[in-house]
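One structure is given here, and the rest of the page talks about it.
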Amino acid sequence: CKKTSSFDVELLFITLRSKSVGEGVDINMKCSECETENPVSIALDEINVPTVDHESKTLMITDNVGVTLRYPSFQDVQKQKPEEMDTMDGVLKLLASCIETIFDAEEVHDTKDLKESEVLEFVEQMNNNQFQSISEFFNDMPSLRSVVHFKCASCEHENEIELRGIQSFFT
């Protein structure tokens, strides 16, 4: 379970939940127009399983320096205190833990051979554009997704809302 990605654990949880408790879950969703809460049923067996693009894990930070990344594992996420994930320091620590190698034209540095503080310092020295390119990797990370359509009971507005990540399906 140490190397299992967080989205694989989410899928496992959803599958176990659907087999043990039922294949549907009822949640309240706010209308995007009037913000009235509406009861909506979600079929857990219709949730899209994420596809993983193994090719996009290498990013060039500068013309000469790049990194290879991995998706956060369940263990990486568990190491972080929930309140840390709301801070820049917590996000930087999680990001640093997902860098596998740092390379240039002459050398490849495996982050397993570096101190955690050295990798964190590398991340902290990035400029906004460099940090943004790595952030996009995580924003595009596979996750459980489902698009929910419902008509608001109050204003009759047709809503289309994307649920992403396990927390969306149970809150």
Side-chain angles (χ1 to χ4, degrees), residues 1-59 67-100 116 119-120 123 126 128 131-171:
C1 192
K2 289 181 179 180
K3 293 186 179 183
T4 305
S5 69
S6 56
F7 51 86
D8 284 332
V9 173
E10 289 178 347
L11 180 59
L12 177 63
F13 181 78
I14 290 281
T15 303
L16 287 172
R17 164 60 170 78
S18 72
K19 300 302 179 199
S20 64
V21 179
E23 294 178 353
V25 65
D26 295 325
I27 63 173
N28 288 322
M29 299 189 76
K30 286 185 179 182
C31 173
S32 61
E33 194 73 22
C34 71
E35 297 197 10
T36 299
E37 288 202 359
N38 292 265
V40 177
S41 293
I42 299 170
L44 296 176
D45 58 344
E46 293 178 12
I47 295 172
N48 296 328
V49 177
T51 56
V52 179
D53 180 8
H54 294 285
E55 302 300 316
S56 66
K57 292 185 175 183
T58 300
L59 296 173
V67 295
T68 56
L69 299 164
R70 64 174 175 75
Y71 296 118
S73 69
F74 184 68
Q75 184 179 34
D76 293 328
V77 175
Q78 290 298 105
K79 281 183 186 178
Q80 301 291 323
K81 296 175 186 162
E83 63 272 10
E84 279 184 321
M85 289 312 298
D86 292 335
T87 67
M88 185 55 99
D89 287 342
V91 170
L92 291 176
K93 279 174 59 177
L94 181 61
L95 189 148
S97 72
C98 294
I99 296 176
E100 292 184 318
E116 186 178 315
V119 181
L120 190 56
V123 171
M126 290 182 189
N128 285 339
F131 187 77
Q132 182 64 35
S133 68
I134 288 185
S135 295
E136 287 174 15
F137 172 82
F138 291 99
N139 289 339
D140 295 339
M141 181 174 75
S143 66
L144 300 178
R145 294 176 191 224
S146 183
V147 177
V148 177
H149 300 273
F150 67 94
K151 186 176 195 174
C152 179
S154 178
C155 73
E156 298 190 0
H157 176 73
E158 294 288 339
N159 288 270
E160 179 179 294
I161 298 175
E162 180 184 57
L163 301 178
R164 182 176 178 182
I166 196 166
Q167 68 280 3
S168 297
F169 297 97
F170 296 106
T171 55

Checklist line | Side chain to side chain, Ser32 and His157, heavy atoms closer than 4.5 Å | finding: yes

What pairs of donor and acceptor atoms, side-chain ones from residues 89-98 against any protein atom, are under 3.5 angstrom apart with sequence neighbours left out?
| from | atom 1 | to | atom 2 | distance (Å) |
| --- | --- | --- | --- | --- |
| Lys93 | NZ | Glu84 | OE2 | 3.3 |
| Ser97 | OG | Leu94 | O | 2.7 |

Margin query: How about CD on Glu116, more than 12 heavy atoms from neighbouring residues, nucleotides or ligands closer than 6.0 Å, or not?
Written below: no

Notebook entry, point to check: So which heavy atom on Lys57 is nearest to which on Tyr71, and how close?
Noted result: CE-CE1, 3.7 Å

Note to self: Looking at Asn159 and Lys151, would you say the former's side chain and the latter's main chain have a donor-acceptor pair under 3.5 Å?
What the structure shows: no

Notebook entry, point to check: If you round to the nearest 0.5 Å, how far is SG of Cys152 from CD of Glu35?
Noted result: 10.5 Å

Notebook entry, point to check: Can you find a heavy atom in the side chain of Phe138 that is under 4.5 Å from one in the side chain of Pro72?
Noted result: yes

Next item on the list: Report yes if the side chains of Ser154 and Cys31 come closer than 4.5 Å at any heavy-atom pair, otherwise no.
Entry: no

Note to self: Could you tell me if the side chain of Ile161 sits less than 4.5 Å from the side chain of Val147, heavy atoms only?
What the structure shows: no

Note to self: For a 4.5 angstrom cut-off between non-hydrogen side-chain atoms, does Phe137 reach Ser133?
What the structure shows: no

Notebook entry, point to check: Taking atom CD1 of Ile27 and atom CG of Leu163, what is their separation to the nearest 0.5 Å?
Noted result: 5.0 Å

Notebook entry, point to check: Quick one: NE2 on His149 to CE on Met29, what's the gap to the nearest 0.5 Å?
Noted result: 10.5 Å

Notebook entry, point to check: With distance as the sole test, does Asn38 use its side chain to make a donor-acceptor pair with the main-chain N or O of Thr36 at under 3.5 Å?
Noted result: yes

Next item on the list: For residues Val40 and Asn28, determine if any side-chain heavy atom of one lies less than 4.5 Å from a side-chain heavy atom of the other.
Entry: no

Checklist line | Derivation of the side chain to side chain contact (heavy atoms under 4.5 Å, CB included) call for Leu69 and Leu59 | finding: CA-CA 8 Å; Leu69 299 164; Leu59 296 173; 3.4 Å; yes

Next item on the list: Kindly indicate whether the side chain of Val148, heavy atoms from C-beta on, has any atom under 4.5 Å from the side chain of Glu160.
Entry: no

